[in-house]
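These numbers come from the heavy atoms of this one structure, side chains and all, not from hydrogens, waters or symmetry mates.
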Amino acid sequence: MEFTVWGIITALVVGLIVGALGRLVVPGRQNMPIWLHMLIGVGAALLGTVLARAMGIATETAGIDWTELLVQVVLAAIGVALVAGVGRRRGVTHR
């Protein structure tokens, strides 16, 4: 994997899109700032690429690798659900 300036910018843009898609996939309302969704999306995009390559499903294509994108969106949805669930529990008091 090459880390060029263009590659990093592309990873950030894909991460932002993946974070937005992850937010849409998770049902209910998430009380999280948009920058946190973006951060989760960037992390999910990077981790999804690594996992897809490790599993042998990521290929070097001229266009969009839909399988890799699916792995990234699923990871983003899991990340959003986990962070939103932790925030929801933290704000609730039980007596």
Please give me the minimum heavy-atom distance between Thr67 and Ile57, naming the atom from each residue. CG2-CD1, 3.6 Å

Rounded distance [0.5 Å steps], CG in Leu70 versus CG in Leu75: 9.5 Å

Output for pair (Gln72 CD, Leu47 CG), nearest 0.5 Å, gives 9.5 Å

If every non-hydrogen atom of Val18 is compared with every non-hydrogen atom of Ala44, which pair is closest and at what distance? CG1-CB, 4.3 Å

So how far is it from Leu46 CG to Leu51 CG, rounded to the nearest 0.5 Å? 11.0 Å

At what distance, to the nearest 0.5 angstrom, does CE of Met38 lie from CE of Met32? 11.5 Å

